[in-house]
Amino acid sequence: MNHWLVKSEPDAYSWNKFVQEGKAVWDGVRNYQARNNLMAMKTGDQVLFYHSVIGKEVVGVAKVCREAYPDPTAGANSGTAPTPWVVVELEPLMPLPRPVTLAQLKAEPLLANLALLRQSRLSVMPIRPDEFECILALGC
DNA sequence: GCCAACGTTGGC
DNA sequence: GCCAACGTTGGC
């Protein structure tokens, strides 16, 4: 199983709304690196849910319930593009009893290479198993 | 193909 | 509100 982290501004789409709805179509990703990560996700993979800008903390764990398919919100350019934009579907797995803040992540030596810290603008990124376990431990 | 201008993201 | 990082666009 692989592990990932996705970002969302809670103003736009919060963990609470995600839980209320029970499922999310992760659409609107318009960055190639993030798109490649979406395409590598497999059903059952676990995904950390991070609140950017407001909160700046990992608030819960989701899992992939449907693998990548074309993004219905992408324009009608699908014919020419080599690979169109894609979405995955996620569902909530569990909230973190103690959300893990960005400051905590930065303070943890084991997380020094975390993609979130090294590429602050990437919105969908892989997380190593040991990093995933570390963040989970901080949050429980 | 280079690079300046510009827009967006996200931390502070 | 500001600014750094960085992706995209468009002129040349």
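Residue numbering restarts at 1 for every chain, and letters A, B, ... go by the order of the sequence lines.
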Round to the nearest Å and state the distance from [X] atom [atom1] to [N] atom [atom2].
X: A/Met125; N: C/dC6; atom1: CE; atom2: C1'; answer: 14 Å
X: A/Arg30; N: B/dT8; atom1: CZ; atom2: C1'; answer: 14 Å
X: A/Arg118; N: B/dG11; atom1: CZ; atom2: P; answer: 17 Å
X: A/Leu117; N: C/dA5; atom1: CG; atom2: C1'; answer: 15 Å
X: A/Leu105; N: B/dG10; atom1: CG; atom2: C1'; answer: 15 Å
X: A/Arg121; N: C/dC6; atom1: CZ; atom2: P; answer: 8 Å
X: A/Gln33; N: B/dT8; atom1: CD; atom2: P; answer: 20 Å
X: A/Tyr13; N: B/dT9; atom1: OH; atom2: C1'; answer: 21 Å

[N] phosphate, OP1 or OP2, under 4.0 Å from [X] side-chain N/O:
X: A/Lys56; N: B/dG10; result: no
X: A/Lys106; N: B/dC12; result: yes
X: A/Tyr50; N: B/dG11; result: yes

Checklist entry - Hey, are A/Arg30 and A/Thr73 close enough side-chain-wise for a donor-acceptor pair under 3.5 Å? => result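 Note: A/Thr73 and A/Arg30 side chains meet the donor-acceptor criterion.
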Checklist entry - Which of these nucleotides, B/dG10, C/dG7, C/dT8, is closest to any side-chain atom of A/Tyr32? => result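 The closest nucleotide is C/dT8.
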Next on the checklist: Using a strict threshold of under 4.0 Å (side-chain N to carboxylate O), is an ion pair present between A/Asp71 and A/Arg35?
Outcome noted: no
Checklist entry - Does A/Tyr50 have its ring centroid less than 6.0 Å away from the ring centroid of A/Trp15? => result no
Checklist entry - Out of curiosity, A/Ile135 CD1 to A/Leu48 CG, how far, rounded to the nearest 0.5 Å? => result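 That separation rounds to 5.0 Å.
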